[in-house]
Each structure stands twice: as structure tokens, then as C-alpha cells.
**Q** 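Once you've had a glance at the structure underneath, I'll fire off some questions.
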Amino acid sequence: MAGRAINRGHDMDLDRYFGKTSATIEEIRRRVMFALDRHPLCRGIEFDVVSMPRNRKNNWTVTLQAIEPDALWEASDIVADIQE
């Protein structure tokens with residue numbers, strides 16, 4: 001390929017940073033808590049991580065409790081991003 005340098009020794013393994021990794025339910029709880037606490041409307045939301053029967057996409061879900069109506073969409077988006 002003329003004009004393109006190939007840098008084989010410095011390729012990043014992006015799956016390492018962006019790929020799915022196994023996590024315990026407790027690790028998922030911490031991730032959700034920290035993510036919700038970063039958004040001003042979502043601070044203090046009560047939630048629980050519930051184990052689900054394993055399927056192709058995921059094996060857990062988050063139930064949001066005691067959530068203000070103004071924070072519903074933001075919290076749902078945050079949880080959906082974590083689940084992906």
C-alpha cells in the first residue's frame with residue numbers, strides 16, 4: 001500500500017477496552033452506582049441488579065426504584081449503555 005505506513009507493533013487491542021468482559025453482580029452494582037452518581041438528576045436513585053436466566057444478550061437487568069420523573073430517561077439511557 002503506497003503512502004500508508006503499517007505500524008504492526010503498536011496496534012491496539014480495542015476489544016480489551018471496548019469488548020464485553022465478565023463481571024460479578026457486585027461489580028455491576030458498583031458500575032451502575034458510579035454511572036448514576038455522575039449525572040446530577042440520577043444521584044441517589046435506588047436500584048437493584050437482578051440476575052436473569054442467561055440468554056444471548058445478557059444475564060442480568062437493573063431495576064430502578066424511587067426515581068424522579070425528570071431522571072427517568074437519563075437513568076434508563078445510562079443503564080442501557082452499561083448493559084451493552
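Only heavy atoms go into these numbers, but all of them, side chains included; no hydrogens, no water, no symmetry mates.
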**Q** Please name the pair of heavy atoms, one in V49 and one in F47, separated by the smallest distance, quoted to 0.1 Å.
**A**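 Minimum heavy-atom contact is CG2-CE1, 4.2 Å.
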**Q** Looking only at heavy atoms, which two atoms of R38 and R43 are closest? And how far apart?
**A**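 Reported closest heavy-atom pair: O-NH2, 3.8 Å.
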**Q** Determine whether V79 and L41 fall in the same hydrophobic cluster, where Ile, Leu, Val, Met, Phe, Trp and Tyr are linked whenever their side-chain heavy atoms lie under 4.5 Å apart.
**A**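 Not linked; separate clusters.
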**Q** Closest heavy-atom contact between D37 and G44?
**A**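 Nearest pair, atom of D37 first, then G44: OD1-N, 3.8 Å.
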**Q** Looking at E68, I want to see if its CD is surrounded by more than 12 non-hydrogen atoms of other residues, nucleotides or ligands under 6.0 Å.
**A**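 Not buried by this count: 12 neighbours or fewer within 6.0 Å.
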**Q** For D48, give me all partners under side chain to side chain contact (heavy atoms under 4.5 Å, CB included), at least two apart in sequence or on another chain.
**A**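 For D48 the side chain to side chain contact (heavy atoms under 4.5 Å, CB included) partners, ignoring immediate neighbours, are R29, V50, T63, Q65.
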**Q** To the nearest 0.5 Å, how far apart are CD1 in I25 and OG in S51?
**A**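 The OG atom of S51 is 4.5 Å from CD1 of I25, to the nearest 0.5 Å.
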**Q** Do W73 and I82 land in one hydrophobic cluster if side-chain heavy atoms of ILVMFWY residues count as linked below 4.5 Å?
**A**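 Each belongs to a different hydrophobic cluster.
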**Q** Looking only at non-hydrogen atoms, find the nearest pair between C42 and A75 and report the distance.
**A**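 The answer is SG-N, 3.6 Å.
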**Q** Kindly compute the distance separating CD1 (I67) from CD (E74), expressed to the nearest 0.5 Å.
**A**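 CD of E74 is found 8.5 Å from CD1 of I67.
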